[in-house]
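Here's the structure, in structure tokens; my notes come after.
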Protein chains: 2
Amino acid sequence: MTLAPESNPKIQDTPPFRIPLSEADRAFLAGLGATLRRYAPHETIMRQGDDEGRAFIIHSGWSCVHTDLPDGERQIIDFPFSGDIIGLRAYQSPSYISLTSITKLIVFEVPAKALTAAVEHSPRLAGTFLSVAARQRAILVEHLTNVGRRRGAARAAHLLLEIGTRLGGDGQRLASHYECPLTQYDLADALGMTAIHINRILKDLRELDLLSFRHRTVDFINLPATKKFAGFNPSYLLLERI
Amino acid sequence: MTLAPESNPKIQDTPPFRIPLSEADRAFLAGLGATLRRYAPHETIMRQGDDEGRAFIIHSGWSCVHTDLPDGERQIIDFPFSGDIIGLRAYQSPSYISLTSITKLIVFEVPAKALTAAVEHSPRLAGTFLSVAARQRAILVEHLTNVGRRRGAARAAHLLLEIGTRLGGDGQRLASHYECPLTQYDLADALGMTAIHINRILKDLRELDLLSFRHRTVDFINLPATKKFAGFNPSYLLLERI
DNA sequence: CGGGCCATTGACCTCGGTCAAGACGTGTGG
DNA sequence: CCACACGTCTTGACCGAGGTCAATGGCCCG
């Protein structure tokens with residue numbers, strides 16, 4: 001696997017899927033021409049409408065996948081984390097989404113065709129990609145349900161619970177506390193609301209003794225009550241292992 | 001391919017992907033144990049939370065994929081059409097979505113494991129599934145954008161434009177008129193609103209001379225104006241061919 | 001020190017939800 | 001053939017969640 005000049009050689013050179021890969025698969029993946037790249041915060045890595053031949057696998061850092069609307073607004077589709085794949089598709093085509101870094105971000109960049117080739121080369125890899133894609137679809141489905149059917153406070157709480165769980169790794173652990181570099185504008189763009197209203201909602205959630213989000217830190221004050229309040233059931237975050 | 005007793009032998013026995021399959025792939029698909037089944041209107045075919053081992057490929061008819069909330073509400077995720085796949089995933093697991101018929105519905109039912117096996121057996125089939133899944137993801141992304149960022153009237157118009165385009169088949173044709181068996185409750189559940197408000201929105205859209213939805217029929221009165229009003233760009237509906 | 005980004009809050013307004021009441025159509029049973 | 005019930009559509013009155021506009025303050029960084 002080629003390392004970009006700016007990469008840190010200490011970073012492990014295999015995408016951090018949480019599904020075990022065979023040595024052969026690792027070797028094949030390493031031969032695909034993947035490049036480990038770093039991006040500064042708030043860089044546009046891929047822009048909606050561009051002819052894109054790349055796919056991305058998140059190594060570490062925060063970013064968002066979003067659509068752009070003609071009026072300059074955006075809808076954040078997902079905050080992908082380590083091991084998530086962006087741009088898995090059959091062939092090159094104009095991208096319908098944008099990818100923007102939020103913090104410093106490290107990603108594996110792979111020619112999209114190479115990912116397709118991987119699918120065709122290794123049934124096991126195909127299964128891995130299928131698993132990862134299925135989980136990302138479940139997350140997206142839950143996101144739509146959240147935006148479409150929950151009211152503001154529950155919606156915000158649900159997203160913060162989901163992020164806390166995804167940070168845990170296996171999709172089941174949930175710490176009572178995590179650092180979160182998202183701004184209230186980011187939350188608003190993910191939740192289909194305005195940042196001003198997000199601000200009021202966060203105030204409400206604090207006053208309800210459910211959770212506090214200040215100074216880039218999320219603190220769950222009463223985790224069971226918050227889960228109930230948000231209707232949060234983490235089963236959709238489970239990554240099915242092969 | 002096994003035919004269920006109630007099936008009509010005149011129905012062609014290969015899933016109607018709009019991507020050409022080789023004879024070998026057809027034969028392999030036919031050997032997977034797929035069953036052609038018919039459902040009556042308003043039947044629950046798969047329920048969220050059930051342990052599901054089946055996947056579905058829509059043959060014909062209208063249905064909806066939705067999530068169910070504890071309070072009895074639901075969020076419609078998609079109205080799948082001919083060739084769309086539901087339940088493509090690595091292995092058996094509890095379903096996080098429900099599938100309900102709206103009209104009479106004909107589907108191919110396949111053991112989910114068989115689909116995975118197909119992916120592992122035929123690189124070409126894997127690519128076909130990847131293409132179909134990528135398009136369905138694009139549709140879902142646009143749906144989230146619609147619900148999160150467009151206001152009611154544009155949101156409703158956008159959905160009706162999308163459905164009209166998807167009915168066309170290749171994702172680019174859009175008739176000025178189509179029959180639509182959805183109720184205003186269905187639209188509301190898809191768009192994250194109430195049926196009462198959908199009713200007022202449809203009235204507004206008629207009075208704006210954009211479109212009319214009455215008596216199970218959608219008529220686009222001024223198609224270019226409606227597309228502009230809804231911010232509708234059908235490129236996300238293109239099915240990339242291999 | 002100044003500029004920019006972000007968070008916070010108030011005043012006001014509007015979109016969309018809630019509640020209630022009918023109208024219409026269609027299929028069913030008497 | 002009629003009566004009725006049920007699902008769906010329609011409309012009005014009212015309310016509340018969330019958006020808009022505006023002003024302010026904190027904080028970080030050049």
Side-chain angles (χ1 to χ4, degrees), chain A residues 40-43 62 64 69 71-75 100-104 146-157 159-160 179-208 211-218 229, chain B residues 40-43 62 64 69 71-75 100-104 146-157 159-160 179-208 211-218 229:
Chain A
H42 307 296
E43 271 196 81
W62 291 63
C64 64
L69 289 135
D71 60 2
E73 294 222 81
R74 62 180 188 160
Q75 172 66 44
T100 305
S101 64
I102 290 172
T103 63
K104 275 194 234 175
N146 202 24
V147 172
R149 279 288 173 243
R150 278 187 266 264
R151 54 187 53 263
R155 210 187 292 181
L159 178 60
L160 294 175
E179 193 180 339
C180 177
L182 304 179
T183 68
Q184 296 182 0
Y185 291 87
D186 294 329
L187 288 184
D189 287 343
L191 295 172
M193 301 197 290
T194 60
I196 294 173
H197 198 62
I198 289 287
N199 184 282
R200 290 192 263 253
I201 282 172
L202 291 176
K203 189 182 171 192
D204 292 345
L205 290 173
R206 281 195 305 273
E207 290 172 355
L208 286 168
L211 65 87
S212 148
F213 180 11
R214 306 187 95 150
H215 315 303
R216 301 165 58 94
T217 303
V218 174
F229 179 80
Chain B
H42 308 295
E43 270 196 82
W62 292 62
C64 65
L69 289 134
D71 60 3
E73 295 221 82
R74 61 180 189 161
Q75 173 66 45
T100 305
S101 64
I102 291 172
T103 63
K104 275 194 235 176
N146 203 24
V147 171
R149 279 288 173 244
R150 280 189 265 266
R151 55 187 51 267
R155 209 187 291 181
L159 177 61
L160 294 175
E179 194 181 336
C180 178
L182 303 179
T183 68
Q184 296 182 0
Y185 292 87
D186 294 328
L187 288 183
D189 287 342
L191 295 172
M193 301 197 292
T194 60
I196 294 174
H197 198 62
I198 289 287
N199 183 281
R200 290 191 262 254
I201 282 172
L202 291 176
K203 188 182 171 191
D204 291 346
L205 289 172
R206 280 195 307 271
E207 290 172 355
L208 286 167
L211 66 87
S212 150
F213 180 11
R214 305 188 95 149
H215 315 302
R216 301 166 58 97
T217 303
V218 175
F229 178 80

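The chains referred to below are lettered A, B, ... by the order of the sequence lines, with proteins before strands, and numbering in each begins at 1.
Rounded to an integer number of Å, the gap from A:Leu205 CG to C:dT8 P is 13 Å. Computed from coordinates, the A:Ile196 CD1 to D:dA17 P distance equals 18 Å when rounded to whole Å. Look at CZ on A:Arg155: it is 13 Å from C1' on D:dG19, rounded to the nearest Å. Rounded to whole angstrom, the span from the CD1 atom of A:Ile201 across to the P atom of C:dT8 amounts to 13 Å. When rounded to the nearest whole Å, the span between CZ of B:Arg150 and C1' of D:dG18 equals 20 Å. Per the geometry, NE2 belonging to B:His197 stands 16 Å off C1' belonging to D:dC9, to the nearest Å. Look at CD1 on B:Ile198: it is 14 Å from C1' on D:dT8, rounded to the nearest Å. Following rounding to the nearest Å, B:Leu182 (CG) and D:dG7 (P) show an atom-to-atom distance of 18 Å.
Shortest non-hydrogen contact noted between B:Ala153 and B:Ile201 is CA-CG2, 3.7 Å. Residues B:Phe213 and B:Leu182 share a closest heavy-atom pair of CZ-O, 3.4 Å.
At D:dT8, none of the side-chain N or O atoms of B:Thr183 fall inside 4.0 Å of OP1 or OP2 (strictly under the cut-off). For the pair A:Lys203 and C:dT8, the criterion of a side-chain N or O lying under 4.0 Å from OP1 or OP2 is not met. The side chain of B:Asn199 places an N or O atom within less than 4.0 Å of a non-bridging phosphate oxygen (OP1 or OP2) of D:dT10. Within the 4.0 Å cut-off from OP1 or OP2 of D:dT10, at least one side-chain nitrogen or oxygen of B:Gln184 is found. Not one side-chain nitrogen or oxygen of A:Arg151 sits closer than 4.0 Å to the OP1 or OP2 atom of C:dG17.
Ion pairing of B:Asp186 with B:Arg74 is present here, as a side-chain N (NZ or NE/NH1/NH2) and a carboxylate O approach within less than 4.0 Å.
The CG atom of B:Leu208 sits 12.0 Å away from the NZ atom of B:Lys203 when rounded to the nearest 0.5 Å. Between A:Ile198 atom CD1 and A:Arg155 atom CZ the span is 8.0 Å, to the nearest 0.5 Å.
Mapping A:Gly192 and A:His215 onto DNA chain D by nearest heavy atom places A:Gly192 at the nucleotide closer to the 5' end. Nucleotides of DNA chain C nearest to A:Leu202 and A:Arg149 differ in position, and the one nearer the 5' end is that of A:Leu202.
The base of C:dT18 sits with one of its N or O atoms less than 3.5 Å from a complementary donor or acceptor on the side chain of B:Arg200.
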